[in-house]
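Computed from heavy atoms alone, side chains included, the values below leave out hydrogens, waters and symmetry copies. Chain naming here is simple, since letters A, B, ... match the order of the sequence lines and numbering starts at 1 in each.
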Protein chains: 2
Amino acid sequence: MSNRLPPLTALRAFDAAARHMSFAQAAAELNVTPAALSFQIKSLEEHLGAPLFRRLNRAVELTEAGTALSRGAAEGFQTLATAWRAAQRTQDTQTLTVTAGPAFTAKWLAPRLYEFAQSHPEIELRFAASLQRMDLMRDNVDVAIRFSSSVTPELYVLPLAEEWVMPVMTPALAAQYPTIESLTHAPIIFDDSVRFLKAPIAWSDWFAALGVSYNPTSGPRFSQADHALDAALAGVGIVMGRRALVVKDLAEGRLVAPFPTALATGARFSFLCLKGMENRPQIATFRDWILTEIEKTAHITDNLTILDLAAS
Amino acid sequence: MSNRLPPLTALRAFDAAARHMSFAQAAAELNVTPAALSFQIKSLEEHLGAPLFRRLNRAVELTEAGTALSRGAAEGFQTLATAWRAAQRTQDTQTLTVTAGPAFTAKWLAPRLYEFAQSHPEIELRFAASLQRMDLMRDNVDVAIRFSSSVTPELYVLPLAEEWVMPVMTPALAAQYPTIESLTHAPIIFDDSVRFLKAPIAWSDWFAALGVSYNPTSGPRFSQADHALDAALAGVGIVMGRRALVVKDLAEGRLVAPFPTALATGARFSFLCLKGMENRPQIATFRDWILTEIEKTAHITDNLTILDLAAS
DNA sequence: TATTCAGTTAAGTACAGCTTAACTGAGGCG
DNA sequence: CGCCTCAGTTAAGCTGTACTTAACTGAATA
């Protein structure tokens with residue numbers, strides 16, 4: 001019983017047969033005749049020294065050995081196919097597939113997409129639905145923007161700007177509540193997405209930092225940061241806005257932050273890609289573009305006091 | 001750019017070359033000449049339309065495409081090799097590889113091993129070091145005994161006896177503390193492994209069940225149940241013993257449970273194997289043997305009151 | 001300058017893996 | 001009941017993939 005792999009073509013034939021549970025269909029998939037497939041399976045069974053299929057009247061079924069083999073065979077070939085596609089993808093300098101959370105996609109990427117398309121018409125950006133579990137490898141995604149910093153040896157990780165939070169509102173609302181004391185009567189929008197931070201930041205923390213003892217508890221709650229911001233943009237109330245998600249609205253005057261005190265979160269968005277891929281043209285271009293875009297709104301910080309509660 | 005897989009022999013050659021970072025070593029591994037390997041790689045590069053290796057003076061290094069391909073290729077072939085070994089294993093009716101936690105191995109399996117070897121000399125039992133993450137597939141393990149009941153469609157799960165806990169001690173210690181009141185002065189051993197239960201059971205729960213208000217807090221603590229039991233067997237004190245781990249010691253008189261009130265935990269050990277494998281001779285034999293062994297000590301429950309705190 | 005070492009190239013060969021074609025044996029159907 | 005169909009097997013022969021040996025390249029070492 002050798003420890004080496006059996007002939008791979010035979011294994012692939014078996015995989016197809018096991019997936020279809022039919023030699024004829026498997027033969028069709030592999031573009032060979034049923035006869036060829038029959039031989040492949042037979043040769044594999046000889047290698048193993050035991051049958052893999054039980055031949056029935058008009059069907060086949062897996063033996064125990066076949067069952068055991070089929071699981072890993074399917075997975076193995078799947079992995080190989082994905083890897084091959086990943087290699088092909090490196091040859092394609094035109095498309096770039098990016099994944100990000102819904103909030104970052106809606107409030108950072110989407111508003112800047114037009115700018116990117118203008119400056120880099122040669123690159124076709126694609127978005128992959130945001131997955132909690134990010135599979136840069138498995139899902140053929142080139143770049144992920146993630147709000148966490150899990151470090152793995154497989155990944156190239158570039159931390160983007162530090163994330164802080166600060167109350168933001170429409171200019172109209174700001175006019176209604178000009179002082180910090182009056183703000184305690186303003187309608188509050190709760191963004192529950194900050195709960196994922198290691199040290200969640202509460203409204204009372206911010207008021208306390210400005211010397212006001214106030215702990216608001218009632219008001220609309222949103223589990224997604226972008227929904228909370230949309231509500232704030234509609235003038236519903238004031239919201240604790242995360243830097244990355246509000247800078248553009250602040251820069252363009254749709255939102256204002258009349259009290260220029262922000263709280264550091266200790267967290268940041270990071271740019272992730274597989275190690276060794278960070279210098280592929282599209283990826284490097286996209287990374288540089290992100291950094292430039294962040295730089296464009298860096299002046300927001302100029303008049304800002306950023307307090308780090310954890311440090312003090 | 002075809003979506004189908006490239007020639008598999010070429011892929012395997014590439015995998016070997018990428019793992020060794022040397023064509024010569026890869027050729028040696030595959031028992032072919034370097035010339036053959038060189039051709040294989042070349043053909044793969046032609047399929048891809050781009051080089052996979054950068055040929056340097058005395059070495060080779062992966063290109064970006066090569067890097068992308070090598071990750072999945074290694075994993076894919078690894079998976080295939082494991083699957084093939086799993087298939088080979090089904091042909092072997094002599095050996096059976098079992099994994100279990102340290103406590104179950106030490107206090108249930110080990111003391112009964114001799115009996116198993118006697119009744120089933122045709123089966124060679126092997127033990128795999130207990131892994132938290134159990135990989136019946138990946139690690140070529142046939143059977144796992146686990147103290148949890150995560151249900152996955154891939155697994156055959158057979159719950160074994162319900163687990164309850166009850167104070168146990170040496171007969172000598174029991175003589176010293178004959179009444180429940182006197183027991184409040186006895187040395188207590190804490191088994192922290194019960195913390196993994198959904199509803200952890202504390203000493204105070206048990207005393208309360210017997211109408212005594214007492215919440216011991218000081219005494220030696222063990223993170224592994226078998227170590228706590230070893231201490232109790234040495235006469236160090238009384239310990240909250242889990243059924244599976246103490247029945248044999250109780251049946252043979254090394255430990256006693258003078259107060260026949262046990263608390264249900266709602267948990268149990270389960271017998272796990274890959275679906276479709278449960279009827280392989282060794283696995284079925286081992287399963288039936290476990291059930292018989294449990295039956296042998298079932299009479300322990302006869303004079304026992306088992307309280308379910310969660311139900312009441 | 002010669003040697004060695006890693007990889008490439010060339011030419012030839014053998015067998016793995018394919019095809020076509022005929023066979024088996026169980027259902028389904030008129 | 002006999003005929004057809006369908007899924008898989010077997011046989012015979014062909015093709016080209018994947019191997020071999022042997023000679024070549026070109027940089028590093030001595």
Does [X] make a side-chain N or O approach to OP1 or OP2 of [N] shorter than 4.0 Å?
| X | N | answer |
| --- | --- | --- |
| A/Arg55 | D/dT9 | yes |
| A/Gln25 | D/dA7 | no |
| B/Lys42 | C/dG7 | no |
| B/Thr33 | D/dT20 | yes |
| B/Ser38 | C/dG7 | no |

Figure out the [atom1]/[atom2] separation between [X] and [N], and round it to whole Å.
| X | N | atom1 | atom2 | value |
| --- | --- | --- | --- | --- |
| B/His20 | C/dG7 | NE2 | P | 12 Å |
| B/Leu30 | D/dT20 | CG | P | 10 Å |
| A/Leu8 | D/dT17 | CG | P | 17 Å |
| A/Ile41 | D/dT9 | CD1 | P | 8 Å |
| B/Met21 | C/dG7 | CE | C1' | 14 Å |
| B/Glu46 | D/dA18 | CD | P | 13 Å |
| A/Phe39 | D/dC14 | CZ | C1' | 14 Å |
| B/Glu45 | C/dT8 | CD | C1' | 12 Å |

Categorize [X] for me: base, sugar-phosphate, or nothing, with a 4.0 angstrom heavy-atom threshold over every strand shown.
| X | answer |
| --- | --- |
| A/Ala36 | base |
| B/Ser22 | sugar-phosphate |
| B/Thr9 | sugar-phosphate |

Given side chains that start at C-beta, do those of A/Phe14 and A/Gln40 come closer than 4.5 Å, heavy atoms only?
->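 A side-chain contact under 4.5 Å is absent here.
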Is there a side-chain contact between A/Leu155 and A/Lys275, using heavy atoms and a 4.5 Å cut-off?
->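 Not in contact.
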Cation-pi between A/Arg112 and A/Trp108: NZ/CZ under 6.0 Å from ring centre and within 45° of the ring axis?
->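 Yes; both conditions hold, so A/Arg112 lies above the ring face of A/Trp108.
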Are A/Glu115 and A/Ser119 linked by a side-chain donor-acceptor pair shorter than 3.5 Å?
->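 Side chains of A/Glu115 and A/Ser119: pair found under 3.5 Å.
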Using a distance-only test with no angle check, is there a side-chain donor-acceptor pair under 3.5 angstrom linking B/Glu293 and B/Thr297?
->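 Checked: B/Glu293/B/Thr297 side chains show no N/O donor-acceptor pair below 3.5 Å.
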Which of these nucleotides, C/dT19, C/dT8, D/dT20, is closest to any side-chain atom of A/Ala35?
->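 Comparing C/dT19, C/dT8, D/dT20 against the side chain of A/Ala35, the answer is C/dT19.
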